[in-house]
Amino acid sequence: MLNTKLPIVKKSFDETTQKLNVVQDEIEVLVDTSLFAEERWEINFPTNAKKETLFAYIERVKETGLIESKANILSNLKALYCFLEGKDIADFKSFCQLFDLAEGEYLNKLIEKIKLIFELVLKSSATNSKN
């Protein structure tokens, strides 16, 4: 497994000042490229898994440029979730709640991290993932 950090957003409301505090942070995660990632894909996203394997999905979005697409971010987060392990990731819902898609600069940073992790995943794959 590979160690890396994932950019997240933490929000809190200050009752005294009546202001929303938004802080960009990072969490430590492990990137798991084992067969367990494919199992998480099948269990958590069966509709997607019926169409293609996790690795085939990543190859396809990379080839078509959909990793950079902000409109495709949820689909990419689904794939990313299947590769990550960490104490801050209990389930897909809590994983999604770590991110703030409204902040443009932060979203660009997140997309760059997703691209990097997908590159690492594809490099570590020793087999052809095509269905």
Side-chain angles (χ1 to χ4, degrees):
M1 286 199 232
L2 309 165
N3 292 320
T4 191
K5 292 183 179 182
L6 195 61
I8 64 164
V9 172
K10 293 181 178 179
K11 292 182 179 181
S12 62
F13 183 73
D14 186 328
E15 293 288 339
T16 307
T17 63
Q18 297 291 301
K19 290 187 179 184
L20 180 66
N21 297 318
V22 180
V23 177
Q24 290 186 26
D25 201 358
E26 295 180 323
I27 59 168
E28 291 189 26
V29 294
L30 295 172
V31 180
D32 178 6
T33 59
S34 73
L35 189 57
F36 188 58
E38 189 69 40
E39 180 183 30
R40 283 189 292 241
W41 177 251
E42 291 177 3
I43 290 170
N44 290 288
F45 311 107
T47 304
N48 299 85
K50 285 180 184 177
K51 297 175 190 171
E52 62 192 337
T53 67
L54 177 57
F55 284 93
Y57 171 79
I58 291 171
E59 284 181 349
R60 180 174 59 79
V61 298
K62 181 178 179 271
E63 290 171 7
T64 57
L66 291 175
I67 295 174
E68 291 88 359
S69 168
K70 292 176 182 172
N72 205 47
I73 192 72
L74 183 59
S75 294
N76 291 336
L77 286 174
K78 287 179 181 179
L80 184 66
Y81 171 75
C82 294
F83 288 109
L84 298 183
E85 292 187 15
K87 63 180 177 69
D88 298 302
I89 305 171
D91 55 25
F92 186 63
K93 180 181 177 180
S94 62
F95 177 69
C96 287
Q97 290 171 333
L98 295 171
F99 310 107
D100 183 350
L101 305 182
E103 170 57 43
E105 179 184 324
Y106 164 77
L107 186 55
N108 290 334
K109 185 190 301 186
L110 177 61
I111 289 171
E112 287 304 312
K113 190 61 165 194
I114 291 171
K115 285 171 45 177
L116 174 64
I117 291 173
F118 284 2
E119 282 292 323
L120 292 170
V121 164
L122 290 175
K123 285 179 183 177
S124 68
S125 174
T127 61
N128 184 353
S129 61
K130 298 289 183 196
N131 285 339

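What you see below is based on every heavy atom in this structure, not just the backbone, and it leaves out hydrogens, waters and symmetry mates.
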Considering all heavy atoms of both residues, which atom of Val9 and which atom of Val22 are nearest to each other, and what is their separation?
-> CG1-CG1, 3.6 Å
CH2 (Trp41) and CD (Glu52) are apart, to the nearest 0.5 Å, by 6.5 Å
Is the closest basic N to carboxylate O distance between Lys115 and Glu112 below 4.0 Å?
-> yes
Hey, quick one: are Leu20 and Leu98 part of the same hydrophobic cluster, counting side-chain heavy atoms closer than 4.5 Å, chains of contacts allowed?
-> yes
Distance-minimising heavy-atom pair for Phe83 and Thr33 = CD2-CA, 4.3 Å
Heavy atoms, side chains only, cut-off 4.5 Å: are Val31 and Leu120 in contact?
-> no
So, do Leu101 and Leu74 sit near enough that their side-chain heavy atoms are less than 4.5 Å apart?
-> no
Of all heavy-atom pairs linking Phe95 and Leu80, the shortest is CZ-CD2, 4.0 Å
Considering only heavy atoms from C-beta outward, does the side chain of Ile117 approach that of Lys113 to under 4.5 Å?
-> yes
Answer yes or no: is there an ion pair linking Lys87 with Glu28, defined by an N-O contact shorter than 4.0 Å?
-> no
On a heavy-atom basis, the closest approach of Ala37 and Leu54 is O-CD2, 3.6 Å
Euclidean distance, Asn76 CG relative to Lys62 NZ, rounded to 0.5 Å | 13.5 Å
Using the salt bridge (Lys or Arg N to Asp or Glu O under 4.0 Å) rule, collect all pairs that involve residues 7-19, keeping only residues at least two apart or in two chains.
-> Lys10-Asp25, Lys11-Asp100
Start with the C-alpha gap between Phe118 and Tyr57, add the side-chain angles, then the distance that decides, and say whether ring-ring contact (aromatic ring centres under 6.0 Å, His included) holds.
-> CA-CA 10 Å; Phe118 284 2; Tyr57 171 79; 7.1 Å; no
Are Arg40 and Glu85 within salt-bridge range, i.e. N to O under 4.0 Å?
-> yes
Heavy atoms of other groups near Gln18 CD, more than 12 under 6.0 Å = yes
Do Asp88 and Ser94 have side chains that get closer than 4.5 Å, going by heavy atoms?
-> no
What pair of heavy atoms forms the shortest contact from Leu6 to Leu110, and how long is it?
-> CD1-CD1, 4.4 Å
OG of Ser75 to CD1 of Ile67, rounded to nearest 0.5 Å, is 12.0 Å
Return the minimal non-hydrogen interatomic distance between Val121 and Phe55, and the atom names on each side.
-> CG1-CE2, 3.2 Å
